[in-house]
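In each ligand, atom 1 is the first atom listed, and ligand 1 is the first ligand listed. Values reported hereafter were calculated over all heavy atoms of this structure, with side chains retained and with hydrogens, waters and symmetry mates removed.
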Amino acid sequence: MKLLAVRRLLRIQRVVIRYQLDEMLFELPLPFWLRALSCLLPWRWLPRKPLALSRGARLRLALEDLGPIFIKFGQLLSTRRDLLPPDIADELARLQDQVPPFPEAQAIALIEAQLGAPVSELFARFDSQPLASASVAQVHAAQLKSGEQVVVKVVRPGLKPVIRQDLAWLFLIARIAEKASADARRLRPVEVVSDYEKTIFDELDLLREAANASQLRRNFDGSPLLYVPQVYWDLCRHQVLVMERIYGIPVTDLATLADQRTDMKLLAERGVEIFFTQVFRDSFFHADMHPGNIFVSTRTPWSPQYIAIDCGIIGSLTDEDQDYLARNLIAFFKRDYRKVAQLHIDSGWVPADTKVNEFEAAIRTVCEPIFEKPLKDISFGQLLLRLFQTARRFNMEVQPQLVLLQKTLLNIEGLGRQLYPDLDLWSTAQPFLERWMRERISPLHLLRNLQQQAEQVPHLSQIARDTLERLQQPVQVQTTASRDHWALRLLGAALIGAGAMQGLAPLLATWPAWLMVGGGLYLVLRR
Ligand SMILES: Nc1ncnc2c1ncn2[C@@H]1O[C@H](COP(=O)(O)OP(=O)(O)OP(=O)(O)O)[C@@H](O)[C@H]1O
């Protein structure tokens with residue numbers, strides 16, 4: 001394993017030298033000591049012929065050469081046109097769906113081995129020339145015997161060993177960083193790499209992707225906002241996925257979107273709505289939202305509908321994180337910075353001994369300049385820098401469970417900027433969140449939560465569940481029930497309440513919760 005890791009390092013070094021990436025690096029304003037150290041690199045003393053390739057092309061080719069982890073990094077960078085020069089961003093955008101494919105014979109052999117039949121028997125037509133190719137897979141167009149147009153996605157062979165070696169290096173770097181610097185420790189790099197490891201290996205399993213796609217499709221069934229192509233389960237295996245072919249416009253093809261008179265404002269607003277719906281309503285969000293995975297339907301440009309593919313990476317939040325996040329955002333929209341500070345302390349996102357006044361002032365300094373500004377007027381580079389400085393001052397730790405969400409935000413914020421730079425993020429997001437919060441503290445939601453809590457405690461058994469079911473119906477109390485029976489019901493309800501209190505403590509401070517408890521007791525006690 002160690003030998004493999006050393007070989008991988010040598011390979012990375014070879015690629016850096018071949019594409020002369022070190023030259024690009026040293027164009028940056030690096031500290032003096034790093035420049036001095038660079039003189040120790042032997043190849044910097046050797047004569048080199050300048051490459052006849054632009055700097056963007058050199059970077060792209062190097063990332064392609066180094067495999068999926070590097071390609072994904074390039075995809076993320078490509079969405080940040082505000083942070084990168086356009087020539088580099090344009091080149092990196094090709095990593096979204098134009099990575100060189102692997103040989104078609106290899107793809108066909110893999111499909112046949114996985115599905116146990118020749119492609120000529122499986123499909124009425126199969127295009128051996130790939131339609132597109134990205135970091136982990138390539139995609140071939142085909143037609144089913146029943147007539148439907150589909151695409152066949154095949155995982156690139158030989159990815160696992162390369163990913164393992166890269167991860168081994170990432171772990172090593174993370175461990176060294178954690179030992180060497182307090183700043184790095186706050187970023188919890190080992191935990192972050194460990195989460196990433198899980199995510200990237202999950203992405204290689206196309207059955208998992210198929211299941212995610214089916215769930216996301218169900219979540220937005222009949223929605224005018226988002227369409228997810230249908231999966232053909234009979235033709236899905238761990239390394240092969242067959243799904244409906246879609247014919248949308250790539251979301252970054254602004255010229256075609258303009259030609260068909262797409263309502264760009266609505267498109268951008270719907271993007272925000274989809275994101276919040278996935279994160280808050282469903283706690284099931286597409287977490288690989290680079291433009292190669294997002295299309296716009298050609299059907300109703302006045303009411304534009306997104307199409308999402310590649311559901312390999314899906315994020316979700318716990319109830320608690322959802323709650324804190326929503327409360328933070330709502331407090332932020334109301335410019336109630338004290339509440340934002342307090343919520344950060346309550347949730348444990350900053351240490352408990354943080355002085356709330358000082359933290360409030362720091363948050364105000366970061367947030368006030370960007371408030372109520374459209375996307376185009378917010379400098380996210382500067383904002384990130386300020387946030388980082390604040391986090392450092394207040395010992396704020398990275399929350400690994402939120403990293404996927406933050407990465408997705410980086411993606412869609414970059415996209416929103418390109419689609420409709422005048423987008424007022426605040427006025428689009430605020431009503432959605434407030435509505436969600438109202439629903440969350442509604443009596444019905446509270447009842448559902450109580451019921452879920454009851455189901456998680458097996459010994460409360462049927463009695464408690466019966467009681468809750470009765471609470472949810474317009475109750476017809478059985479007058480024949482015996483006194484003992486009712487005493488048990490009451491005991492069950494009290495136990496459920498006590499159990500639920502722990503999880504619902506913040507909600508019980510609200511009037512609907514008290515109304516529920518009072519109403520519940522009344523119903524249980526009624527003869
Ligand atoms: N259902 C589909 N209909 C039409 N084209 C598709 C479909 N699915 C995928 N494609 C094309 O294939 C490309 C690569 O597919 P996909 O994004 O699923 O691969 P990937 O390797 O998982 O990508 P990533 O690098 O984003 O992880 C897409 O960008 C798109 O152009």
Answer yes or no on whether Arg281 is positioned over the face of Phe220, meaning its NZ or CZ is under 6.0 Å from the six-membered ring centre and within 45° of the axis. yes
List the closest protein heavy-atom neighbour of [atom]: residue, atom name, distance to the nearest 0.1 Å.
| atom | answer |
| --- | --- |
| atom 5 (N) of ligand 1 | Leu131 CD2, 3.9 Å |
| atom 10 (N) of ligand 1 | Ile309 CD1, 3.7 Å |
| atom 29 (O) of ligand 1 | Gly292 O, 2.8 Å |
| atom 24 (P) of ligand 1 | Asp310 OD2, 3.2 Å |
| atom 7 (C) of ligand 1 | Val151 CG2, 3.8 Å |
| atom 18 (O) of ligand 1 | Lys153 NZ, 2.6 Å |
| atom 11 (C) of ligand 1 | Ala132 CB, 3.8 Å |
| atom 3 (N) of ligand 1 | Ile246 N, 3.0 Å |

How does Val136 reach ligand 1, by side chain, by backbone, by both or by neither, if only non-hydrogen atoms under 4.0 Å count? both
Would you call the rings of Phe285 and Phe275 parallel, tilted or perpendicular, where under 30° means parallel and over 60° means perpendicular? perpendicular
Donor + acceptor pair across side chains of Glu148, Ser146 (<3.5 Å): yes
Looking only at side-chain N and O atoms, does Arg125 offer a donor or acceptor that is under 3.5 Å from a partner on Gln149? yes
Return yes or no for this condition: an N or O of [X] is under 3.5 Å from an N or O of ligand 1.
| X | result |
| --- | --- |
| Arg245 | no |
| Pro229 | no |
| Val139 | no |
| Ser133 | no |
| Glu203 | yes |

Quick check for you: to the nearest 0.5 Å, what is the distance between Arg60 atom CZ and Ile71 atom CD1? 10.5 Å
Roughly how far apart are Leu110 CG and Phe102 CZ, rounded to 0.5 Å? 6.5 Å
Can you list the atoms of ligand 1 that are under 4.0 Å from a heavy atom of Asp97? 29 (O), 31 (O)
Carboxylate-amine/guanidinium contact Asp422 Lys265, below 4.0 Å: no
